[in-house]
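Written below as C-alpha cells is the structure these notes are about.
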Amino acid sequence: MKQATLHQLKVFEVVARHGSFTRAAEELFITQPTVSMQIKQLTKAVGLPLIEQIGKRLYLTDAGRELLVTCREIFESLDKFEMAVSDFKGLKQGRLRLAAVTTTKYFIPRMLGPFCKLYPGIDIEFKVTNHEGLLERLNENVDDLYILSKLPENFDISYYPFLENPLVVLAPIDHPLTQEKNIPLQRLAGEPFIMREAGSGTRSLVQELFDEHGLKVQVRLELGSNEAIKQAIAGGLGISVLSRHTLGLEGTTNDVAILDVEGFPIRRQWYVIYPAGKKLSIVANTFYQYLLQEAKHFATNLNKTTAIK
Ligand code: PGA
C-alpha cells in the first residue's frame, strides 16, 4: 500500500460512491481511461481485486469495501487537519456534511442561510433523504451530523433534542371534520388516507399509532414527498398525518386544515445526532452549537406566529 497515492484513493472513493467509472470521471474532471488506470494501479498495490463488474454494474469486493472505509477515515482526518490549521489562523474553514430527513427542509435551510453568512469559509453539503436513507448514511459514516425525529435503535449515538416536532392531522379545507372538536381516532380509519413511502419515519410513526389502537387506515395514495401529500390533501384526495413544520414557519395555511383529533398533536422532537465517540470536526462542532442556539429563536418565532393565528 506504500505505493498507493492519495489521488488513487480519491479516485477509488468517487468510483465506489457512484458505482460508475464514467460518473467518477465526470466528477473529477478527468477522462475515463485515467480513472481505469488509477484503479488498476491501486489494485496492483493492494494485491487483490477491489471492484467486480457484473453486467453493467460495478460491485465492491470485500477488500474494496474495507478500503472504502479506510479512504473515508483518511479523508476525514485530512479534512479535520485542514480545519485545525484554519482555526490556528483564526478562521473557520472547511466542509460541513449534514444529512437530514425530509421534513427538516422546511426549517434547516432557513437556519443555514445566516450560518453561511456568519462563516463564509464553511462549505455545506446538505443531503435530504427519508429516515431509512439517513440510517444507511449513518451506518456508513458519510456525514458529520444527522437530523431526525426517531432515534435509531441499533446505533450507539450521541444525541441532543433541539426543537419540538408536532405531528398534526391534515384534511382538505372544506372537509366536514373541520367543524368537529376532539374527533376520536377511530373516525380517521373511515377516511381515505395519504401515506408516505416505506422507509419514512413519519409513516412508521403513523403505522405504530394505528396499530396500537387496532385500527386499519384505508391508504388511497402513497407519496414520497410531504409537499406532494399536502397538495393531494388540498386537491381533496384524502387526509394525512404530517409534521406541522410542513405548513411553513406560520404553522397554518389556507390550503389545508388541521383537524382537532384526540391525542394530537403528537409531540415529537428533532434530534441532532452523530456516532458516539466520534470526535466532531471544528466546523461540525461550530454548526452543532449554532443549531442549538438558533433553534431556540426559531421555536419562539414559531410559537408567536401560531399563537396569533
Ligand atoms: P421522514 O422522517 O422524512 O422519513 O418521514 C421524518 C420524521 O422522522 O419525523
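Counting starts at 1 for both ligands and their atoms, in listed order.
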T286: partners by side chain to side chain contact (heavy atoms under 4.5 Å, CB included), with sequence neighbours left out: K92, F115, Y119, I282
Residue list, side chain to side chain contact (heavy atoms under 4.5 Å, CB included) with A4, at least two apart or on another chain: M1, Q8, L42, A45
salt_bridge(E222, R196) N-O dist < 4.0 Å: no
Filter the ligand 1-protein atom pairs down to N or O on both sides and distance under 3.5 Å, then list them.
from	atom 1	to	atom 2	distance (Å)
ligand 1	3 (O)	T102	N	3.3
ligand 1	3 (O)	T102	OG1	2.5
ligand 1	3 (O)	R196	NH1	3.4
ligand 1	3 (O)	R196	NH2	3.2
ligand 1	4 (O)	H131	N	2.8
ligand 1	4 (O)	G201	N	2.7
ligand 1	5 (O)	R196	NH1	3.1
ligand 1	5 (O)	R196	NH2	3.4
ligand 1	5 (O)	S200	OG	2.8
ligand 1	5 (O)	G201	N	3.2
ligand 1	5 (O)	T202	N	2.9
ligand 1	5 (O)	T202	OG1	2.6
ligand 1	9 (O)	R268	NH1	2.8

Aromatic plane relationship, F210 with F193 - under 30° parallel, 30 to 60° tilted, over 60° perpendicular: perpendicular
Pairing residues for N130 by the side-chain hydrogen bond (donor to acceptor under 3.5 Å, both in side chains) criterion, not counting sequence neighbours: E197
Option from D143, D123, D79 for which salt bridge (Lys or Arg N to Asp or Glu O under 4.0 Å) with R97 holds: D79
